[in-house]
Number of protein chains: 2
Amino acid sequence: MDTRELRYFVAVADELHFGRAAQRLGIAQPPLSRAVSQLERRLGVVLLNRTSRAVTLTDAGAVLLHEGRMALDAMEAAEQRTRRAAAASAGDGGIVLAIKAGASAELLAKLLHAHAAEPGAVPVDVLLCGPAQQGPLLRTGSADVAVLHLPFDDTTGLDTDELVTEGQVVVLPSGHPLAAHRALRLGDLADVPGLPHPRWPRPDGSYPDGPGPEVRDHTQLLQLISLGRTLFVAPDSVRAQLRDDVVAVPVVDAPLVTTVIAWPPHSRSLAVAALVRTALRL
Amino acid sequence: MDTRELRYFVAVADELHFGRAAQRLGIAQPPLSRAVSQLERRLGVVLLNRTSRAVTLTDAGAVLLHEGRMALDAMEAAEQRTRRAAAASAGDGGIVLAIKAGASAELLAKLLHAHAAEPGAVPVDVLLCGPAQQGPLLRTGSADVAVLHLPFDDTTGLDTDELVTEGQVVVLPSGHPLAAHRALRLGDLADVPGLPHPRWPRPDGSYPDGPGPEVRDHTQLLQLISLGRTLFVAPDSVRAQLRDDVVAVPVVDAPLVTTVIAWPPHSRSLAVAALVRTALRL
DNA sequence: TCCGACCGATACCCGTGCGGTATCGGCCAG
DNA sequence: CTGGCCGATACCGCACGGGTATCGGTCGGA
């Protein structure tokens, strides 16, 4: 199977529309139709049910969409890591650590400090990324190690070690009535008048519908909270970054958040192994 | 990156010889040279150091060999699983379980029996394979679930659950002086006169050098043992399959063998999940 | 009921690029 | 110094991918 055919099929399966998929791929529609039916002929499997009004996935098509995405990720990972290996042996660039921007700041600082103190430590490039981006970055080879947070991030197919587990707090405007409580429950936060939950961008950049404000980063978020426009549930450790115009109140029934360090399962990099070892000693 | 170029590069990196690699791929040598240097140009990375007498891998080339193998496995897995998904929804064929031929026979029988008793159980095709083949079969999508044995099999990149842990025994001809012992150590078995360790075939079918007899399966092996030509160290559970012309003696310092059930980390198959659940209940 | 819009498939043409053969250039052995 | 080995280069023919034009089928609205 060819990557081209697979990329084409994934685009069609995503869009369920040959025209839009062709546009996304930057080609015309007829070659796309041809390539997909050629793939079906090669596999001997019907992947899509087409009518002139709708395109739907068959069971086999759903499998290929899922498995094919992994395979394309693996291809991209091979390419990225090869490029980075070449850059590394040319002397510039070290290993890349991906972490959600604004998360586990203190832990990250301690980790980088401890790592730098090791003899023969490889330089670490920190890649601050959006929510739930660390896993894909690892899987596509754009990063060598990542810090991620269960149960939010998906670790399937990655090797991990646990670093810390913590409860969650809700961050509220300091003047708000709820801020006076010693503890809260998720039910108390579901429909607070005037404090809707914020809306984060999806991977494709669009925002879900809802009443809350659209946010892109933590600075923006904290400002919106201090303005009394929204609230925010996050792990305990965000407290270290809060100023006194906002208040953190424990949420007793929020799921525990486990911070883990993760790497691709077949990693052979000694540098990654050393960094993980350092992290586990913290 | 194209699968064709990657397959070509992997072949050259394996053989470290363009001519042999071309032969293995079934093409002439010049297109192969061209494809590999085109890949290098596309990546902007030197993968091979060539002289007219020898070809060696660069660091980046070693990375691409490793990562590229994984990526090609993933591509093949996508293809295989799609084909099998189509066959499954056509009604024929169930999930494929890979297990080393002759290993954990009793456990396998219990598992299959328990699974068959479940309501709505999917049929299970058992794929008996050679040593250390289960991992690759899972990774290339030829199997959905496998039983493997630590520390012999490589589980990197697979999700696993432990089933049982057991010690090892040495299987000896019943008349042999060592057979009278209650327990033995690995050191006692290293150089037993007249009883060299058997030689198993490598994945490519060739045999390593050594004094022991070449063996291909357990029947052959047991026959050679009863003939007094070799001995064999294996997990406790092989005892169930022994006849009285051979004797099993515990090896006290042999590594413990853990039997695990494994599946690809991103498996979404409910049938696999059900089989794993059944296995854990045993 | 019919027309128009939408959507995927088909027909046909053109250019890129893959694979083949022939040959070159460098390197070690005898 | 020469023959043999090995990878690179040169050149050619054809298959295949991508483009435009068009068809066939289906739904919605007048």
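A, B, ... follow the sequence lines: proteins, then strands. Residue 1 opens every chain.
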**Q.** Length of the CG-P vector between B:Leu25 and C:dG20, whole Å
**A.** 11 Å
Q: Between B:Ala28 and A:Phe18, name the one whose nearest nucleotide on DNA chain C is closer to the 5' end.
A: A:Phe18
Q) So, A:His218 versus A:Phe232, ring centres under 6.0 angstrom or not? A) yes
Q | 5' precedence on DNA chain D between A:Ile27 and B:Gln29 (nearest-nucleotide basis) | A | B:Gln29
(Q) Heavy atoms from C-beta onward define the side chain here; which of C:dC6, C:dA11, C:dA22 lies closest to that of B:Pro30? (A) C:dA22
Q.
I need the minimum non-hydrogen distance between A:Lys100 and A:Asp153, along with the two atoms involved.
A. NZ-OD2, 3.8 Å
Q | OP1 or OP2 of C:dA9 under 4.0 Å from side-chain N/O of A:Arg50 | A | yes
(Q) Between D:dG25 and A:Arg53, counting only base atoms on the nucleotide and side-chain atoms on the residue, is there a donor-acceptor pair under 3.5 Å? (A) no
(Q) With a cut-off of less than 4.0 Å, is there a side-chain N or O of A:Arg4 near OP1 or OP2 of D:dC16? (A) no
Q) Hey, are A:Glu76 and A:Arg7 close enough for a salt bridge, meaning a charged N less than 4.0 Å from a carboxylate O? A) no
Q | Selected nucleotide, minimal atom distance to A:Arg42 side chain, candidates D:dG17, D:dC11, D:dA8 | A | D:dG17
**Q.** Nucleotide nearest A:Pro31 (side chain, heavy atoms from C-beta), chosen from D:dA8, C:dC18, D:dG19
**A.** D:dG19
(Q) Could you measure the distance from the CD atom of A:Gln134 to the CZ atom of A:Arg139? Nearest 0.5 Å is fine. (A) 10.5 Å
Q: Send over the distance from B:Tyr8 OH to D:dG7 C1', rounded to a whole Å.
A: 17 Å
Q: From the options C:dC12, C:dC7, D:dC6, select the nucleotide whose nearest atom is closest to the side chain of A:His17.
A: C:dC7
Q: Give the nucleotide from the list D:dG7, C:dC18, C:dA9 with an atom nearest to the side chain of B:Ser33.
A: D:dG7
**Q.** Phosphate OP1/OP2 of D:dC16 contacted by A:Gln38 side-chain N/O (<4.0 Å)
**A.** no
Q) For the residue pair B:Ala132 and B:Pro136, what are the closest heavy atoms and their distance? A) O-CD, 3.5 Å
Q: Measure the distance from CG on A:Leu39 to P on D:dC16 and round it to the nearest whole Å.
A: 16 Å
Q | Value in whole Å for how far the C1' atom of C:dG8 lies from CD of A:Glu15 | A | 15 Å
Q: Using atom CZ of B:Arg34 as one end and atom P of D:dC12 as the other, report the distance to the nearest whole Å.
A: 14 Å
